[in-house]
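Worksheet: the structure to be examined is printed underneath.
Below, chain A is the first sequence line, B the second, and so on; all start at residue 1.
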There are 2 protein chains.
Amino acid sequence: MKKVTINSVAEYAGVSKKTVSRVLNNEPNVSPATREKVLKVFKELDYTPNPIARGLARNRSFIIGCLYDNPSKSYITRVQSGALEACHKHNYNLLIHPCELRGEALIENIEHLLTTSRLDGLVLTPPFSDSQELIEFLQKKGINYARVASAIEDETSISVRSNDEQGAFEITEHLISLGHTRIAFIKGHPDHSATEQRFSGYQKALAEHNIAFDAELVAEGNFSYHSGADSAKEILDLQPRPSAVFASNDYMAAAVLKLATQSKLNVPEDISIAGFDNAPIARHIWPGLTTIAQPVEEMTRQAVEQLILQISDPDVEKTQTTLEAKLIVRESTSKL
Amino acid sequence: MKKVTINSVAEYAGVSKKTVSRVLNNEPNVSPATREKVLKVFKELDYTPNPIARGLARNRSFIIGCLYDNPSKSYITRVQSGALEACHKHNYNLLIHPCELRGEALIENIEHLLTTSRLDGLVLTPPFSDSQELIEFLQKKGINYARVASAIEDETSISVRSNDEQGAFEITEHLISLGHTRIAFIKGHPDHSATEQRFSGYQKALAEHNIAFDAELVAEGNFSYHSGADSAKEILDLQPRPSAVFASNDYMAAAVLKLATQSKLNVPEDISIAGFDNAPIARHIWPGLTTIAQPVEEMTRQAVEQLILQISDPDVEKTQTTLEAKLIVRESTSKL
DNA sequence: CGCAAGTCTGACACCGGTGTCATAATGTCG
DNA sequence: CGACATTATGACACCGGTGTCAGACTTGCG
């Protein structure tokens, strides 16, 4: 398997390598005859251009990196799927890089990432979207980035978010409209800005309907199924038991459902349960979870799309977009 | 933000770029004084070497590609997590590339991938692990690859699998030992070799215990939750109803559980349900699913580890490894 | 002290493409 | 048919590193 380079193609076709390069990139000013000839040699020698060499010359890798630190697998796959869609549309590829926000050496870690592969841009997903430290580092290094689902308003960088507070408000109001007043809440991971947003939506809905906020009804979770199970235990033991639980994501809601069922409670007759995200599990269990559909793929897709735009033209305006979240009512919530 | 290259560092430090390169790569034969001086300039200028230039010179990208076409998100994230572990250990990065086995242009798709990013190797996950067409293409192109969970015995390439047939045999035997004889089976996607393996394990266990195989009890699934729900409908309508269902993966088993519960059947009292894979959902639902734990992360980790070994030394022996699957009994199966 | 071996360092080609610019070939038009 | 615009092509530097090799400088030891 000897290597076929642009030089061998040029030699074989009897033209200069620049002409081969022109054919390769569909540049104008190549006579049809020459183009044909070169294309034939491509086939004959089974030539594939070397992306690294091309990258060096153009100072581009056509690779976008995706950063995440998230216990929800489904969130991650949705993020990836949206990012990939945008990448492939523009002939980019996606490199994934999970790492810990609280790791002792986040910046070193990212620095190492940038030393081992040159990335044209970075998509930051929660909780990185809100990491001031990381953002400053990227700016200093002059790395393009886009932020997904960040709470920070920042006109100097691309950001696509969904309205978490509004979503949490709506789902809480949904529970209230069903007659619930004693509604427990499970918080998400403190590093995620969504946690505060969703909590705030919950509180605002209570206030709006003159229901006193009761700190006893609030449990600390971290978005993981496991943390949901722990919180569920606390909540189900409360006296009197809340008639509804709103968990900050579907995994934790699923955990509440599992523990309630194990305790011989009927859902939703004995207790209503609501989640957030519309993760696959929300419809894979019975009863299906009432939840808020967050357009994760779409957010990420738009973020990456903007990012690629910015890579090709650094002067393009950096947009801030907010997408709507949508209430999805399933079987896990019912009238009191 | 002006670029800091090896040339500027060399000039600033008053040494040749080769010496800078030596310091960069921790090569011997640099006097401590010179090394110090250069390292100081690195800091001072905030120099980061360009991975693309390095890649060109070394003919390496230090990027591994991961191919998949799989409806199970949890399978994919487990694959990614195992692959990432091995990659990061050796300073590689991971590029993900989902694509369709049956897409009109698989080879063109992969060719395009290789044209847009130079990958040092490829991890093939099911169903690509068994795609003869793809494997021939990669061999022709001289691309290193490793196959995960493939059924094909092939001494010429790296392969790490788990014993699916044995696992299916065990779980079927588990059901039989509980007194079940009318055991329905839901097949996986026909493109996946695991489908045939698991089916075969099911049949062998029946035979071993002198239970006649009944084709009526076999439904065609494709590993997706949705297909499991379709199959579940068929199976639950059978007269008499089977007393147990063994679905080829946990998503389909979860679908059976959901439909059974919706039909007011109690699991496992009225019907036992078993899955395969030990996906997160198996323990996130109630009752938890009896299933086979497949070491997906470990398989992928080992495959990538071998792959990286092969990249650095093409003459290293290509190993074939088989890992054990393990029966996990939860609440979804019980005595007849 | 002299010579061989070992340590440091830099000049230079090279990896495989792309950008710039000069020049040759062809076309257009009065 | 000559002057000029346009198209086609190649020479050459360059992207930012690494590999090879030669030469200068140390060191060890008989």
Taking CD in B/Glu27 as the centre, count heavy atoms belonging to other residues, nucleotides or ligands within less than 6.0 Å. Is the count above 12?
yes
CG of B/Asn7 versus C1' of D/dC14: gap in Å, rounded?
11 Å
Does D/dT18 have OP1 or OP2 under 4.0 Å away from a side-chain N or O of B/Lys18?
no
C/dT18 C1' sits how many Å from A/Phe62 CZ, rounded?
12 Å
Whole-Å distance, A/Arg22 CZ to D/dT7 P, equals 13 Å
A/Ile6 CD1 - C/dC14 C1' separation (whole Å):
16 Å
Across the strands shown, which category fits B/Asn29 at heavy-atom distances under 4.0 angstrom: base, sugar-phosphate, nothing?
base
B/Asn59 CG to D/dT18 P, straight-line distance once rounded to whole Å
14 Å
What is the distance from atom CG of B/Leu323 to atom CD of B/Gln294, rounded to the nearest 0.5 Å?
9.5 Å
Looking only at side-chain N and O atoms, does A/Thr5 come under 4.0 Å of OP1 or OP2 in C/dG16?
no
For A/Asp69, does its backbone N or O pair with a side-chain atom of A/Glu100 as donor and acceptor, under 3.5 Å?
no
Spacing between A/Arg60 atom CZ and C/dG19 atom C1', to the nearest angstrom
15 Å
If you look at every strand shown and take non-hydrogen atoms under 4.0 Å, does A/Val20 touch a base, only sugar-phosphate, or nothing?
nothing
Measuring from the side chain of A/Ala57 (C-beta onward, heavy atoms only), which nucleotide among C/dT9, D/dC15, C/dC15 has the closest atom?
D/dC15
Quick one: is D/dG17 close enough that its OP1 or OP2 comes under 4.0 Å of any side-chain N or O from B/Tyr47?
yes
Ignoring backbone atoms, establish whether B/Ser21 has a side-chain N or O less than 4.0 Å from OP1 or OP2 of D/dT18.
yes
Within the 4.0 Å heavy-atom criterion, would you say A/Pro49 contacts the bases, only the backbone, or no part of the nucleic acid?
sugar-phosphate
State, to the nearest 10°, the angle formed by the axis through the first five base pairs of the helix from C/dC1-D/dG30 to C/dG30-D/dC1 and the axis through its last five.
40°
What heavy-atom pair brings B/Arg22 and B/Asn29 nearest, and what distance separates the two atoms?
CD-O, 4.3 Å
Tabulate below the donor-acceptor pairs under 3.5 Å that side-chain atoms of residues 106-113 of chain A make, not counting sequence neighbours, or state none.
from	atom 1	to	atom 2	distance (Å)
A/Asn109	OD1	A/His97	NE2	2.8
A/His112	NE2	B/Asn91	OD1	3.2

Would you kindly compare B/Ala53 and B/Ser16 by the position of their nearest DNA chain C nucleotide and give the one closer to the 5′ end?
B/Ser16
Walking DNA chain D from its 5' end, the first of B/Asn50 and A/Pro32 to be reached, judged by nearest nucleotide, is A/Pro32
Which nucleotide in the list C/dG19, D/dT18, C/dG17 gets nearest to the side chain of A/Glu27?
C/dG19
Of all the nucleotides listed (C/dT20, C/dG16, D/dG16), which has the minimum atom distance to the side chain of A/Lys3?
C/dG16
Just the rounded figure in Å: distance from C1' of D/dA8 to CD of A/Glu36.
16 Å
State whether A/Asn25 places a side-chain N or O below 4.0 Å from either non-bridging phosphate oxygen (OP1 or OP2) of C/dT18.
yes
Minimum heavy-atom separation for A/Leu67 and A/Thr125, please, with both atom names.
O-OG1, 2.7 Å
Could you tell me which residues satisfy side chain to side chain donor-acceptor pair (under 3.5 Å) with B/Thr77, sequence neighbours excluded, listed by chain and number?
none
Between B/Ser31 and C/dT7, is there a contact of a side-chain N or O with OP1 or OP2 at under 4.0 Å?
no
Around atom OH of B/Tyr12, are there more than 12 heavy atoms of other residues, nucleotides or ligands at under 6.0 Å?
no
Between NZ of B/Lys17 and P of D/dT20 the distance, given in whole Å, is 16 Å
Less than 4.0 angstrom between a side-chain N/O of B/Thr19 and OP1 or OP2 of C/dG10, yes or no?
yes
